[in-house]
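These numbers were taken from a predicted model, which means no experiment stands behind them. Counting starts at 1 for both ligands and their atoms, following the listed order. We use all heavy atoms of the structure for the numbers below, so side chains are in, but hydrogens, waters and symmetry mates are not.
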Amino acid sequence: MDRIDFRSDTVTWPTPAMREAMKQALLGDDVYGEDPTVNLLEKEAAGRVGKEAGLFVASGTMGNLAGILSHAHRGDETICAADGHVLQWEAGGMATIGGIVPRPLPTDRQGRMDLDQVEAAVRGDDPHLPRSRLILVENSFGARNGFPVPPDYFDAIRAIADRHGMAVHLDGARLFNAAAALGLEPADLTRSVDSVTFCLSKGLCAPVGSVLCGSKEFIHQARRVRKSLGGGMRQAGVLAAAGLISLNEMTGRLGEDHANARRIALGLAKIQGIDLETENIRTNIVYFALEPACPLSAADLVERLQRDFGVWLGAEGPRSLRACTHYWVGQKEVDRLLQGIKSLLQAG
Ligand SMILES: *Cc1c(COP(=O)(O)O)cnc(C)c1O
């Protein structure tokens, strides 16, 4: 990498093993169901999350949208987190493309909606009202430092959904980070949901791609939705080959990224003028803020870190920032980040 990039784990390049596998991949037309590498990836991905079938999609956004559109129809309503990725960062696809109404609820510091509020948000059968059809959950929860939410929360959400004949979809973009942080198998975190999307890109380093998983019947439907969204890819095995390496070789090392995020959090906590919640940093995302007394804005700090230290961070607001750890940043890069921030804040 030509820069030390903590903006996101989406910036990750494919590894040399991935480039080699892409070169060697057996290919076919995946819209005909004939790409052996895609078929293998879909099968293995479904197995990892304890579902019957998988569907390779271009992005997490497409996986979530295909999932939502396969569960819900125009005029249906989705109960979802107000600060969840699907509502905040996916261009409103459920509403603009699906005609599906979001019903946003607040979350706590660990990315959980209040269960009583979820139950109370379910609508009765009345022609004035949209139909409550789907509950959307997320794990790890990006906006809350990537907090890894334990499985009992999803079991409780399942119970509510069952009482009202609703489905549950999990945006598990960083599902493997959550599983690693909790010391669980991914399938432990998906046992209570009907469908799940996870990203092969991000911390798992594939250049492109996510997988949507669920029952055979659900995936059959989602395959048609994917086609309608323009997501039917042909010799996609070149991408799936990298995805297989993500699944088989990259999931086991995510603990290193979490240790590095922890190192960043503990280091930042010692710097005067920085505010953060170190106790909730369990995976690879660290949100922090510059205290009002700090003379630099987030944008100033980002610019000076780039210029003077070659370190890239994300500014999330006038005084808030985000650092994300991943395969391409290690301890040495973490030290450089901390040293840069410390010297810039001390200099004023
Ligand atoms: C990244 C991400 C997605 C999907 O993003 P794409 O860029 O479309 O792959 C979905 N949910 C969460 C929580 C994410 O972090």
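Within the structure, every pair that satisfies the ring-ring contact (aromatic ring centres under 6.0 Å, His included) test and touches residues 167-218, not counting sequence neighbours, is listed here: His71-Phe218, Phe176-Phe198. Counting only residues at least two apart or in different chains, ring-ring contact (aromatic ring centres under 6.0 Å, His included) contacts with residues 98-142 are absent.
Within a 6.0 Å sphere centred on NE2 of His164, other residues, nucleotides and ligands contribute more than 12 heavy atoms.
Partners of Asn280 according to the side-chain hydrogen bond (donor to acceptor under 3.5 Å, both in side chains) rule, which considers only residues two or more places apart in sequence or in another chain, are Gln110, Glu277.
Side-chain polar atoms of Ser192 and Asp155 form a donor-acceptor pair below 3.5 angstrom.
Using a 4.0 Å heavy-atom criterion, the residues that approach ligand 1 are Ser59, Gly60, Thr61, Asn64, His85, Glu90, Glu138, Asp171, Ala173, Arg174, Lys202.
Partner of Arg112 under the salt bridge (charged side-chain N to carboxylate O under 4.0 Å, His left out) criterion, out of Asp108, Asp116, Asp114: Asp108 alone.
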